Amino acid sequence: MRGSCGTEYGKPLPCPDDGAPTQADDQTKQLLKDVCGEELLDVPVCCTAGQLETLSANFEQLESLIGACPACRNNFRSFFCQFTCSPDQGTFLNVTSTQQSQGKTAVESVDFFVSENYSQGFFDSCKGVQYGNTNGYAMDFIGGGAKNSSAFLKFLGDKKLVGSPFQIDFPPSSGSTLPPLDTVPRHCADDDLLSRCTCIDCLDVCPTIPPVSPPNDGPTCRIGNISCLSFIVTLTYSLAVLGFLIGYVIQTTIRTRREKRYERVALGADATSPTRTHSRGLVGAASLAHNFEDDSLVNQSESRHLGRGASLLDPIDTVQPRQYPLNNMLRRGFYKLGLFTASSPFLTFVVVFAFIGVLNIGWKNFEIETDPVRLWVAPSSESKQQKEYFDEKFGPFYRTEQIFVTSAPKNLESSNNSIVSGGAIEIGNKAPVLSWDHLKFWFQVESDIRALASPGGVTLQDVCFKPAGPGEPCVVQSLAGWFGNDLENYDETSWSTKLESCAHTPTDCLPEFQQPLGPQYVLGGVPLTDDGEKAYLEAEAIVVTYVVSDSLNPTEQSKAMEWEEVLRDYLSDLSERSISEVGLEIAFSTGVSLEEEINRSTNMDVKIVVLSYLAMFFYVSLTLGSGSASREEDGVVASLVEWVRNVPKLFSRNSLASSTLSIDSRDIPSLFPRLPRSLFVGSKFNLGLFGIILVILSVSSSVGLFSFLNVKVTLIIAEVIPFLVLAVGVDNVFILVHELDRQNFLHGPNAATQTYQGPGFSAPMSPTASHRSPFDSTHEDVDASSLPLYLPAEERVARTLAKMGPSILLSTITETLAFGLGALVPMPAVRNFALYAAGSVLLNAVLQVTVFMSALLLDLKRYESNRMDCFPCVRLPSRIALSDGPPSSSGVGRIGHFIRRYYAPFLLKPLVKGLVLIVFSGAFMASIISMQHIQLGLDQRLALPSDSYLVNYFDNLDAYLDVGPPVYFVSKDVDVTQRLGQQALCGRFSTCDDFSIANRLEAERKRANSSFIAEPSASWIDDFLRWLNPQNFQCCRVRKADPSVFCGPRDRDRLCQPCYQDLLPPWNITMDGLPEDAEFMRYFKRWWDSPTDESCPLAGKTSFGTAISLNEDQSKIETSHFRTFHSPLKNQADFINAFAAAHRIADEISVDIGAEVFPYSLFYVFFDQYAHIVAITQEILGLGLAAVLLVTALMLGSWRTGSIVTGVVALTVLNVMGMMSILDISLNAISLVNLVISLGIAVEFCAHVARAFMSAGTGLPIDHPSGQKERDERMWTALVDVGPSVLSGITFTKLIGMAVLSLTRSRLLEIYYFRMWLTLIISGVLHGLVLLPVVLSLAGGSGFPQQEADEEWMSNAIRNDYEYAPFLADDDSVASD
C-alpha cells in the first residue's frame, strides 16, 4: 500500500501498490523521524509524506491518552509506522479487497499478520495506562476496553467513524504462508527512557509496600475453625466443671463416712443424755447446738428486738446489733416524706403538679430533628468536620436521582416492594429486562423526565450537573445515551446489535456529556456465558442515574429539592402503573427521599402505643387489686359457677329451706350472680390509671425540660421512651402496693383480731380483714401485749415508703446514671434519647414517692371505708366477718406461696447452688464466645418505614449496582508551587516520590481486597504538567509574537506555538525545568480555565474544575483532592471496612509526605462511629459498672454485696451481648444505648433482692461458723419478701410492654428494642432471682436489721414457735405456711 486514493469518513484511503519501497527525500525523512523516530530513517519506505502527515495527526490525538507511558506510546507508533511505511510491508500485509473512491481504486480491507509475542507485548505495554479524567484506562479509548490482545487488535482494525477508514483484519499467523510482523515490543519496566513508565501505568515498577490485612479481618490466632480465645474459654470451663464434679463426689463420700461415724458416737451419747424435745432456732439452730448450751425461750426472747435470724446468735454477741447510719437516715427521711404526703395529700398534689406544669412550659421550644446528618452524626465527629471542609472548599457532593428498572416478577406477591431485608433480591430470579417494547417505554419515560417542571418552573436542565459549564449537556447515566436518547434509527432487530456494541466499546457510543459510559453504570445483574463473557442482552436491570448539582446556598438547593419532589411524585405514579402497563418494576430514590422517609411517621404506630398502655393499665389494675381480695369470698369465676348451679333452685318447690336450719348464703339461689365485693371495692383501676398518668406526665415533663434546654426530640425518642418509662416506672408501683399490703397485714384495722378477740380490745371490722398473718398463734395463752399494733392509714403509708424508698432510690439512681452515661455517645439521636430517658425515669420516681403515695393513702381510705373503686361516692354495706375456722390462705399470694414453699428451699440446697453456678458460668463462657461474632453496622433499611419505597430501592442497589461510591483523598497545605510539593502529589514523572499520593493510591488499588479501592485515581497535578508537554500542541499554546500571551481555542495554529517549545531545559519526565513559584500559578490558572475537549483531553476545566481550591487572594493552591472509587460495597461490613481502609491509607500518606491528607466519601459521616464504637462501648459500660458498684456498695453498706450485685449485673449485660449475634443485632449507637439501658434495668432486678438480703441481717460476722446458715435464712427471707414483687411488678410488666411492642411494623423497633429488651428481661430475671440469691447466700456481706419495721415479725415468730419453712415445714402444716 502506498499513497492516498480517495476518502472515507473524511479520512484518506491508501492505494493498493505492490511496487518496491523507495528512498524518502529530505523533507519526508524529517517527517519520518518526527513521527516514527529513527527506526525507518535509513531504509527505503512504502509510504508518502501525505500518509506520514495523516499518521502524525492521528498520533497527536492519542498523545494525551498514552503519552505518559513511553513504552505504550512508542509501541503504538512503531506498530502503525511498520504497518504504513515498512519496506517489508508486503511480507505481513495482504490486501483482500478494494473499492472505488473518487474515481480511484482504494483499499477496502487488508490482512495484517502479527506474531502472538508482538501483539501480546504491545497489549501488555498499554493495558495499565490510566486516564485520570474518567478514573479509567486509556485502553477504554484506544482499545474499546479490550481485555486481551486479540480484542485490542480487533478494535484497532475495525472500520468505524472514530478509527480506521478501512477494515484491518488480524488473522492468526500460525496458518498463514506470510511471515508475521515479529519485532521486539518495548516493556513498561525497561530501563531506557523510551520505554520505562511510572508506577501508575506499569505495575512492575511499583515499589513494594508491606502487606496489610483487610480491616476487621478477625482473630489471627485460630485453632482449627475457632479462635484461640474460644478454645481457651471452652477448655477452662470444661476443666472447671470436671473439677467441681470430682470435688462434689469426694466431698459426698467423705461426708457420708463421717455421718456414719457420728451416728455411732451419737447412739452412745443418747443413752446418757436427756432428749431435746424441740428446737426453736431459725435457720441452722440444730447445727448450732454445740455452740449454745441453752436453747431456752429466755434467750430467744432476749433477742426479740435484734431483727430476723437473731435466735441464731449468742446473746452476748448481739446486745448491740450492727446498724448502718446511711440506711437509718434514708429510712427516716423517706418515713417523713411518706408521712407528709399521706397527711397532706391535696397539698402534695398542688405542689408537685405545679412543678410539673412549670416543666411543661418548655414545650414552647419543642423541635423535632429531621436532618439525617445532624441526627446520626456527632457534631465533633472527625468525618463531619471533614465533610464540612470538603463542602466549603469544593462544593457539596452531587445529589443523585437513581432508578432501577426490572421485569416484574411473574408472581406479583413475590415483589420486594414491601419487604425489608438486606440482599432480598437474588440475581437470576427475574426475566431479562431488555426488549424492544421495554426500551420504547423507557425512552418515553426519560423524555417525560427531561420535560418535568416544578410549580416554580424548575426543570432538569436548570439543576443538573454540567461538567463542561452552563448551557452544556447534563450528566445522565443511562443506556439511552448510547442511542443518542432516540430510537428513531433503530428497529426490533438492530437495537440489540447497537446495545451490545456499545456495551463492549463505550467509547464508540459517547453520551451527550462526552464521557465514556461503561456498562457497569447502566446495566445490572448481567449474567456470564459459558466462556466467561458477559451477556449484556440478558441483563436483569436498567440503571439510570441523574446527577443534580447541590449547593450551600439555600436558594439554589431549594430549586433542586423542588424539582426532586416533582420527580418523586412522577416516579411514584410510574411505579404503580408500570407493572400493569408494560410489566416493569420501578425502584427509585431521589435527593429528598431519604430524609422524607426517615421522618415519615409510619413507624410511630399509634395503635401499638395505645395498645401497650391499655395492656399495661389492665394488668396493673387487676394485679394491684389481687392482694386485696377477702379470704372469705370466692373469685369471679367461682361465683358465676355457684350462681349457675343454684339457678334451677329458683323453680324448685323446696328452694326455701327451713328457718331452723343453718345454711350457707352462697347456696341460696338468686336472680343475679353474687359477685365478690373485691371486684368493686378491692380493685385498683383508679390507682393503676393514676400510675399510668404519672408515667405520661414524667415523659411530658422530661420533654418540656430538655426542650427548654434546646435538646431536640427525635422520632426514636417519641417511639421508645414511652415504652421504656412505662416498663420501668410501673415496677415501683407494684413494690409500693405490695409493701402496703404487708403493712396492712401487720397493722391494719383487723390485724389484732384475725385470730383472737381479747376482752377490752376492739377494732373496726371492714373488708380489710381479708389477710391473716403467717405468724398467728393457735395457742390460747397469748397475752394482749404480743398482739399486732394497729396503726392509722397515714402511718402505714409512711412505713411503706420508709421501707421501700431506699430500694427505689437505689434503682432510680443506678438507672438514671446508666441512662445518663448513654449521653456520652456523641451521636445526637442517641445522646438525646439517653438524656430524655434519664430525665423521664428520674421524674417518674419523684412522682411515685410523692403524689403516688398520696394517691395510695386516698385509695387505702376508700378501701377501708368500703367504697367502690371506679365510683368512690358509692359505699357498699359491710358484711359480717365470721371466724369459724382456720383461714384458707396466708395472704401471700400464689407467687409468694410458690417462692416460700418450693422455690426458695429448692434454690438454697447446696447441690442446686453448685448446678446454678455451673449453668451460669456456662452461659458466661458462651456469651464470651458469641460476642466475638457481633457485627458492626446499622442497615439503613431498618430506619425506614417497612412500607417505604426506599426499601425496594436499597434491595435493588445491593443486587444490581456494580460500581462503588467515589472517594476523595484531600491534601491540605501542600505547597505545589515548589518542586517538593509537586513531587509529593504526582505519579507520572520519574522524580515523583515513591509514596506520593498518586503512587500510593495506585499501589493500594492493586491490593483492593484490603484497600477497597477499585479504580485509578484522577491526579490533577499530572494532567496539568503533561498539559505543558509541547507534543500536545493543541493544549498549552502561546502567541509566537508574544509568548506571555496565551492562545485561545479559536486562535489559528499558525499564530501559536506550544508553551514549552524551544525552552531550556526542555519539558521532560524528570520534571527539570517545569514551572515553579509564580510561573506555576500562571500556567495553572490557564490550565484550570481551559475546556476539556477532544483537542486537549488534559485541560482542567471540566475534569478538575471542582477538585482544587485556591486561597482568598487566588495566589496559592490551598487544598486539592484526588478522586478514585471504592470497590462495590454490598453490606454494612463492606462500608465499615472501606471507611477504615481509606483512613489507614490517608494516615500513612500523611506520614510519608509530611502533610495532612484525609479521605472523604458521602457515606463516611454515617460510619465514623464504628471507628470508635468498640472503645466507647467498653468505656461506657466500664463507667456504668463502676457507678453501679459505688452506688450499691454505698446504699447497701457492704462492698462485698455491692461487688456481687455489680458482677451479676455485668453477667446480665454480657448475656445480652452474647445473644446479639444470635438474634442478628449489630453493634451500633442504638444497640450501645440499649446495652447501657440493660445495665440500668439489670440493677433493678438485683437491687431489691440485695437490699432485702442486707436488711434481714443479724450482724453475724462473715467468718462465723454459722455464717452460711445465717445467709441462707436471710436469702430465704429476702426471696419471700420481695420475690413476688420482682416477678409480678418488674418481670411481668416489662414482658407485657415488650410483647405489645412485637406488633410494631418498624423493623428498627422490632430488632433493636423488642428482641434486645426481651433478651434483657429474661436474662435479668434469671440472674436476679436465680444467680444472685445463690451467690449472696454463699458470699454475701453481713446485714443490718431493720428494727423499727420488724419487731412485730420477730415477736410473733418467737412466741408462735415459727420454724424455717424450707427445712422444717411439711406440706400438710397449715401453720408453716
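No experiment lies behind these values; they were computed from the predicted model shown. Numbers here simply count residues along the sequence, with the first being 1.
- For Gln1057, there are no side-chain hydrogen bond (donor to acceptor under 3.5 Å, both in side chains) partners at least two apart in sequence or on another chain.
- The closest side-chain donor-acceptor pair between Gln82 and Arg77, if any, does not fall under 3.5 angstrom.
- Partners of Phe76 by ring-ring contact (aromatic ring centres under 6.0 Å, His included), not counting sequence neighbours, listed by chain and number: Phe80, Phe122.
- Every residue two or more places apart in sequence or in another chain that forms a side-chain contact (heavy atoms from CB on, under 4.5 Å) with Lys1006 is listed here: Leu203, Cys206, Glu1002.
- With 3.5 Å as the limit, one finds a donor-acceptor pair spanning the side chains of Gln978 and Asp1077.
- Between the side chain of Thr1119 and the main chain of Ser971, a donor-acceptor pair closer than 3.5 Å is present.
- For Phe394 and His1121, the gap between ring centers is short of 6.0 Å.
- For Trp1067 and Phe989, the gap between ring centers is short of 6.0 Å.
- Looking at every heavy atom in both residues, Gln51 comes nearest to Cys46 through OE1-O, 4.0 Å.
- Here the closest heavy-atom approach between residue Asp993 and residue Asn999 is recorded as O-ND2, 2.7 Å.
- Ring pair Tyr968/Phe390: centre-to-centre distance below 6.0 Å.
- Using a 4.5 Å heavy-atom threshold, the side chains of Leu1025 and Arg988 count as separate.
- In this structure, Phe1084 has its ring center no closer than 6.0 Å to that of Phe1104.
- Counting heavy atoms from C-beta on, the side chains of Cys81 and Leu55 come closer than 4.5 Å.
- Residues Gln23 and Lys29 are in side-chain contact: their nearest non-hydrogen atoms beyond the backbone lie under 4.5 Å apart.
- Contact record, Arg979 with Glu1076: N-OE1, 3.0 Å, taken as the closest heavy-atom pair.
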Working note: Cys202 + Cys188, criterion disulfide bond (SG atoms under 2.5 Å apart); need CA distance, chi angles, decisive distance, verdict. CA-CA 6 Å; Cys202 183; Cys188 62; 2.0 Å; yes
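- For an aromatic pair to be called close, the ring centres must be under 6.0 Å apart, and Phe969 with Phe1122 fails this.
- Judged by a 6.0 Å distance limit and a 45° cone about the ring axis, Lys160 is positioned over the six-membered ring of Phe155.
- A donor and an acceptor atom, one from each side chain of Gln30 and Asp26, are nowhere located under 3.5 Å apart.
- Shortest non-hydrogen contact noted between Asp1022 and Ala998 is OD2-CB, 4.0 Å.
- Cation-pi geometry between Lys11 and Phe166 is not met: the NZ or CZ atom fails to fall both under 6.0 Å from the ring centre and inside 45° of the normal.
- Ring orientation note: the planes of Phe1024 and Phe1080 are nearly perpendicular, at an angle over 60° on the 30°/60° scale.
- Every residue meeting the side-chain contact (heavy atoms from CB on, under 4.5 Å) condition with Asp25, not counting sequence neighbours, appears here in chain and number order: Gln27, Thr28.
- Residues passing the ring-ring contact (aromatic ring centres under 6.0 Å, His included) test with Phe112 are Phe79, Phe83, Phe92, Phe170, sequence neighbours excluded.
- Judged by distance alone, the side chains of Thr1070 and Asp1072 never bring a donor and an acceptor atom under 3.5 Å apart.
- Here Thr22 pairs with Arg2 under the side-chain contact (heavy atoms from CB on, under 4.5 Å) rule; sequence neighbours left out.
- When all heavy atoms of Arg1144 and Ser1010 are compared, the closest pair comes out as NH2-O, 3.9 Å.
- What you find for Cys1056 and Asp1051 is that their closest heavy atoms are SG-CB, 3.8 Å.
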